[in-house]
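The structure displayed is predicted, hence computed values, not measured ones. Just so you know, residue 1 is the first one in the sequence shown, and it goes up from there.
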Amino acid sequence: MTFYLKRNVTHNGLCPVMGRITIGKDMVQFSCKLDADPKLWDTRAGRVNGKSDHARSVNRKIDKVNVTIHARYKEIVSLKGTTTSLEVKEAFQGIASSQVGLLELFREHNEEYKKRVGVNRAISTWWNYRNSYNHLERFIIQKYHVLDIPVRQLDYDFIENYDFYLRIDCRQIPGTIISRMTHLRKITQIAVKRAVINRDPFAGYVSERPKTQQRYLPREELKRMMAATFDRPQLDFVRDMFVFASYTGLSFSDMRNLTNDQVVKDDDGSLWLMVNRQKTNTPSNVPLLDVPKDIIERYRGIAKGNKVFPMIACGVTNKHLKEIARQCGIERRLTFHMSRHGIYPFQLKARELQAQFLQWVTI
């Protein structure tokens, strides 16, 4: 880093101070936006001689520029391992869009997303984004030995290497890999919209899709579960919650948030659930058949506050469902999410099917 005067330009007897950044054979010049007295300028030192106010002021500003230039150089090298004089100049002058780090952009996204949790975003999704960030951070450190990489360095090879890392090193299943890559793609789309990059690094990338699995519990197995007697009351409760969700189509979070105020009686005396789905924040009106009405009565007054059910954690619920499946002879990986794809789609618009359902399912 050197400083010199542009002596062919003068203003009130002063000349502009210029800077020159040299990296190897690569060199670039820029204006320091300073003026110095050419009579006091030390060409070898690149400073103003003397202890006058003018000399001290100019030298102090030159030192500041020098320190800033070296700081930008170290930052860029720590990100990508190498740099050019032009990149350092642009970073110094604030033209740094090309140096936006991938993890930096990911962190910014997650921080903004967290502020919206409880408003129009779910905390579970924020946790998923945070987990994706942690995986990506470990991959970059392990693969490239840097703390971050510029977004503009993302290419198809990076995407493929990250996919390989998740699949082989982390032993993640295809469904989880798709989620991680979807989160990364969201960040690259933000970069494209901000003109940080001008292309989609995911172009041509196709992730391996998980094998299609049956998402619902067949009627015969649901009937077997409903007729079963369990050795622990916790299993009876989890079974009842699963059956309630099968008849109403509510998700676990919707059932956890369900209040007595949302159980509404119609003019003809029939009961309805009137809720706003947590995930989509859309209204949903669900008619209550006899089976879910009986379940509501069974647990009335047990939950705290105005809640309908004393729901337990989703992880614990799924653990109990595995035990329920074992005791009922159900040979599949039973999760609470499967309940939503059971009876409900068939009865949503046809309440008269209640009698038909009650012929083969009873509590």
Is the number of heavy atoms from other residues, nucleotides or ligands under 6.0 Å of [X] [atom1] greater than 12?
X      : atom1 : value
Lys319 : NZ    : no
Phe164 : CZ    : no
Asp231 : CG    : yes
Arg171 : CZ    : no
Arg333 : CZ    : no

Please round to the nearest 0.5 Å and tell me the distance separating atom [atom1] of [X] and atom [atom2] of [Y].
X      : Y      : atom1 : atom2 : answer
Met311 : Asp254 : CE    : CG    : 10.0 Å
Ile177 : His135 : CD1   : NE2   : 10.5 Å
Arg298 : Lys293 : CZ    : NZ    : 14.5 Å
Arg167 : Glu160 : CZ    : CD    : 9.0 Å
Ile173 : Thr176 : CD1   : OG1   : 4.0 Å

Where do Gln189 and Asp200 land on the side chain to side chain donor-acceptor pair (under 3.5 Å) test, with the steps shown first? CA-CA 7 Å; Gln189 288 172 345; Asp200 180 10; 6.0 Å; no

Please say yes or no: joined through hydrophobic side-chain contacts below 4.5 Å, possibly via intermediate residues, are [X] and [Y] part of one cluster?
X      : Y      : answer
Val67  : Ile23  : no
Ile21  : Met27  : no
Val316 : Phe242 : yes
Ile62  : Met1   : yes
Leu105 : Leu102 : yes

Test item: [X] and [Y] side chains (from C-beta on) under 4.5 Å apart, heavy atoms:
X      : Y      : value
Lys186 : Thr182 : no
Thr83  : Val88  : yes
Trp272 : Lys265 : no
Leu136 : Leu184 : yes
Ile324 : Cys328 : yes
Asn66  : Phe3   : yes
Asp236 : Arg239 : yes
Thr248 : Leu288 : yes

Regarding [X] and [Y], do their side chains bring together a donor and an acceptor under 3.5 Å, going by distance alone?
X      : Y      : result
Asn318 : Thr335 : no
Thr125 : Asn128 : no
Asn257 : Gln262 : no

Are [X] and [Y], when compared by the centres of their aromatic rings, separated by less than 6.0 Å?
X      : Y      : answer
Phe158 : Tyr144 : yes
Phe309 : Phe237 : no
Tyr156 : Phe202 : no

So, for [X] and [Y], which heavy atoms are closest and what is the spacing to 0.1 Å?
X      : Y      : result
Leu321 : Leu334 : O-CD2, 3.7 Å
Pro201 : Thr188 : CG-CG2, 3.9 Å
Ile302 : Pro310 : CG2-CG, 3.9 Å
Val291 : Val243 : CG1-CG1, 3.8 Å
Gln327 : Thr229 : OE1-O, 4.5 Å
His320 : Ile312 : CD2-CD1, 3.9 Å

task: Please test Arg180 against Asp163 for salt bridge (charged side-chain N to carboxylate O under 4.0 Å, His left out), starting from the C-alpha separation and ending with a verdict.
output: CA-CA 9 Å; Arg180 301 281 178 249; Asp163 183 291; over 6 Å; no

Starting from the C-alpha separation in whole Å, work towards a yes-or-no answer on salt bridge (charged side-chain N to carboxylate O under 4.0 Å, His left out) for Arg300 and Glu297.
CA-CA 5 Å; Arg300 184 176 297 278; Glu297 290 302 319; 2.7 Å; yes

Report task. Starting from the C-alpha separation in whole Å, work towards a yes-or-no answer on salt bridge (charged side-chain N to carboxylate O under 4.0 Å, His left out) for Asp155 and Arg199. Result -> CA-CA 9 Å; Asp155 53 19; Arg199 55 179 173 52; over 6 Å; no

With no hydrogens and no angle check, is any side-chain donor or acceptor of [X] less than 3.5 Å from a backbone partner on [Y]?
X     : Y     : value
Glu87 : Thr84 : yes
Asp26 : Ser85 : yes
Asn12 : Leu14 : no

For this session: Under the side chain to side chain contact (heavy atoms under 4.5 Å, CB included) rule, what do Val308 and Phe244 come out as? Steps first, then yes or no, please.
Result: CA-CA 12 Å; Val308 175; Phe244 186 89; 5.8 Å; no

Which of Trp126, Tyr113, Phe106 passes ring-ring contact (aromatic ring centres under 6.0 Å, His included) with Tyr133? Answer is Phe106

Does the side chain to side chain contact (heavy atoms under 4.5 Å, CB included) test come out yes or no for Trp127 and Lys114, once each step is laid out?
CA-CA 9 Å; Trp127 276 105; Lys114 188 177 182 181; over 6 Å; no

(Q) Could you walk me through whether Lys33 and Val17 satisfy the side chain to side chain contact (heavy atoms under 4.5 Å, CB included) test, starting with their C-alpha distance in whole Å, then the side-chain angles of each, then the deciding distance to 0.1 Å, before giving a yes or no? (A) CA-CA 7 Å; Lys33 302 189 182 304; Val17 179; over 6 Å; no

Taking only Lys NZ, Arg NE, NH1 and NH2, and the carboxylate oxygens of Asp or Glu, determine whether Glu323 and Arg326 approach each other closer than 4.0 Å. yes

Next item on the list: Begin from the C-alpha positions of Arg60 and Asp63 and carry the test salt bridge (charged side-chain N to carboxylate O under 4.0 Å, His left out) through to its verdict.
Entry: CA-CA 5 Å; Arg60 185 165 54 249; Asp63 289 340; over 6 Å; no

Problem - Candidate pair Arg332 and Glu221, rule side chain to side chain contact (heavy atoms under 4.5 Å, CB included), full reasoning - result: CA-CA 10 Å; Arg332 68 180 71 247; Glu221 293 184 358; 2.9 Å; yes

Taken in chain and number order and not counting sequence neighbours, the residues that satisfy ring pair (Phe, Tyr, Trp, His ring centres under 6.0 Å) with Tyr162 are Phe139

Any cation-pi pair here, Arg20 with Tyr4, using under 6.0 Å and within 45°? yes

Could you check Asp261 against Thr259 for side chain to side chain donor-acceptor pair (under 3.5 Å), going step by step and ending with a plain yes or no?
-> CA-CA 5 Å; Asp261 297 335; Thr259 65; 4.6 Å; no

